[in-house]
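Report on the structure given below.
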Protein chains: 2
Amino acid sequence: MGVTKSKIFTEHQNKLAKIAKVLGHPARIAILEYIFKANTCICNDLVDEIGLAQATISQHLKELKSISLISGTIEGKKVCYCINKQRWDEVQQELVNFFKSDQDASCC
Amino acid sequence: MGVTKSKIFTEHQNKLAKIAKVLGHPARIAILEYIFKANTCICNDLVDEIGLAQATISQHLKELKSISLISGTIEGKKVCYCINKQRWDEVQQELVNFFKSDQDASCC
DNA sequence: ATTTATTATCGTAATATTGCAATGATAAAA
DNA sequence: TTTTATCATTGCAATATTACGATAATAAAT
């Protein structure tokens with residue numbers, strides 16, 4: 001089908017999966033790394049840096065905005081993208097919590 | 001196209017994205033949570049617990065095995081799945097490293 | 001040997017994702 | 001006003017993902 005049965009999962013499971021899904025493309029990892037390094041950038045910087053078409057980069061930026069990991073501020077004819085630090089930390093915490101455990105992990 | 005241009009990204013970007021992609025489905029989050037809680041389980045446990053068809057669960061398990069997050073040991077006619085703790089910690093570290101930073105994140 | 005239990009794989013249908021060219025939309029510059 | 005720069009959106013083609021029924025494959029149980 002290609003359609004995820006979201007209803008049978010908890011809200012938290014869906015939220016966490018959504019975050020991971022957005023991070024699940026190398027272009028979006030590259031975009032985040034670049035913005036982090038540069039602190040701020042415009043769409044065309046990423047087009048030059050990464051080597052995908054402008055439309056494609058724009059789509060990836062939209063995905064990243066959909067989980068509020070980045071935000072874009074209109075500055076004249078440019079849009080200035082930057083990391084949403086608060087959300088960034090929040091997402092990191094979500095992931096850490098998922099992996100955290102005091103289990104033995106005694107295997108079979 | 002629907003095909004990712006892996007060649008234009010670094011190996012690390014591709015690896016990280018692959019991990020995130022595998023985590024990017026609520027069924028796989030649910031599977032990991034269940035195995036973690038139960039410490040160990042068989043495929044049918046997950047079918048009962050999650051409510052997807054056996055074929056579907058089997059496919060998700062395959063994805064999780066593809067990044068070595070879990071491993072399956074044949075025990076008679078059952079297959080005993082458990083978390084690969086070493087890999088688990090490794091993956092956690094990868095993600096933490098990605099999010100770690102001492103940037104100001106001064107925005108525009 | 002036959003049945004039963006468990007899991008993997010194959011085939012298929014529905015939907016989603018990726019990527020890009022073309023086109024809009026907007027604001028600055030000429 | 002026209003041009004230029006920047007970015008978003010639309011439409012499309014190619015490919016990937018999700019889900020499941022049907023079918024193997026294997027080993028235990030009868």
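Below, chains carry the letters A, B, ... as their sequence lines are ordered, and counting in each starts from 1.
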note = Here the distance between atom C1' of D/dA27 and atom CD1 of B/Ile42, to the nearest Å, is 14 Å

task = Specify the residues of residues 49-64 of chain B, ordered by number, for which at least one heavy atom lies under 4.0 angstrom from an atom of DNA chain D.
result = B/Leu52, B/Ala53, B/Ala55, B/Thr56, B/Gln59, B/His60

task = Tell me which nucleotide among C/dT6, C/dT18, D/dT6 gets nearest to the side chain of A/Arg28.
result = C/dT18

note = Whole-Å distance, B/Leu46 CG to D/dA19 P, equals 14 Å

Nearest-angstrom distance from the residue atom CD1 of B/Ile70 to P of C/dT7 = 12 Å

request  = For A/Lys18 and C/dT17, give me the distance from atom NZ to atom C1', rounded to whole Å.
outcome  = 12 Å

Side chain to side chain, B/Lys100 and B/Gln93, heavy atoms closer than 4.5 Å = yes

remark   = Distance col, row A/Thr56:OG1 vs A/Leu61:CG, nearest 0.5 angstrom, shows 11.0 Å

message = I want to check one thing: is the phosphate of C/dT6, taken as OP1 and OP2, less than 4.0 Å away from some side-chain N or O of B/Tyr81?
response = no

Between P of C/dA16 and NE2 of B/His25, the distance in whole Å = 11 Å

ask   = Is there side-chain contact between B/Ile67 and B/Arg87, with at least one heavy-atom pair below 4.5 Å?
value = yes

query = To the nearest 0.5 Å, what is the distance between CD1 (B/Ile70) and CG (B/Leu64)?
reply = 4.5 Å

remark   = Separation of D/dT6 atom P from A/Asp45 atom CG, nearest Å, is 9 Å

query = With a 4.5 Å limit on heavy-atom distance, are the side chains of B/Glu33 and A/Phe98 in contact?
reply = yes

request  = Take the protein atom NZ of A/Lys21 and the nucleotide atom C1' of D/dT17, then report the distance between them rounded to whole Å.
outcome  = 8 Å

ask   = If each of A/Ser6 and B/Ile74 is mapped to the nucleotide of DNA chain D with the nearest heavy atom, which maps nearer the 5' terminus, i.e. the 5' end?
value = A/Ser6

key: Whole-Å distance separating the CD1 atom of B/Ile8 from the C1' atom of C/dC20   = 13 Å

task = Would you indicate, yes or no, if C/dT7 has its OP1 or OP2 atom less than 4.0 angstrom from a side-chain nitrogen or oxygen of B/Asn44?
result = yes

request  = Verify the cluster assignment for A/Ile42 and A/Ile35: are they in a single hydrophobic cluster under the rule of side-chain heavy atoms below 4.5 Å apart?
outcome  = no

message = Using the side-chain heavy atoms of B/Lys77, tell me which of these nucleotides is nearest: D/dT6, C/dT4, C/dA8.
response = C/dT4

ask   = Side chain of B/Lys65: nearest nucleotide among D/dC7, C/dT18, C/dA8?
value = C/dA8

inquiry  = Between B/Lys21 and B/Glu63, is there a side-chain heavy-atom distance shorter than 4.5 Å?
reply    = no

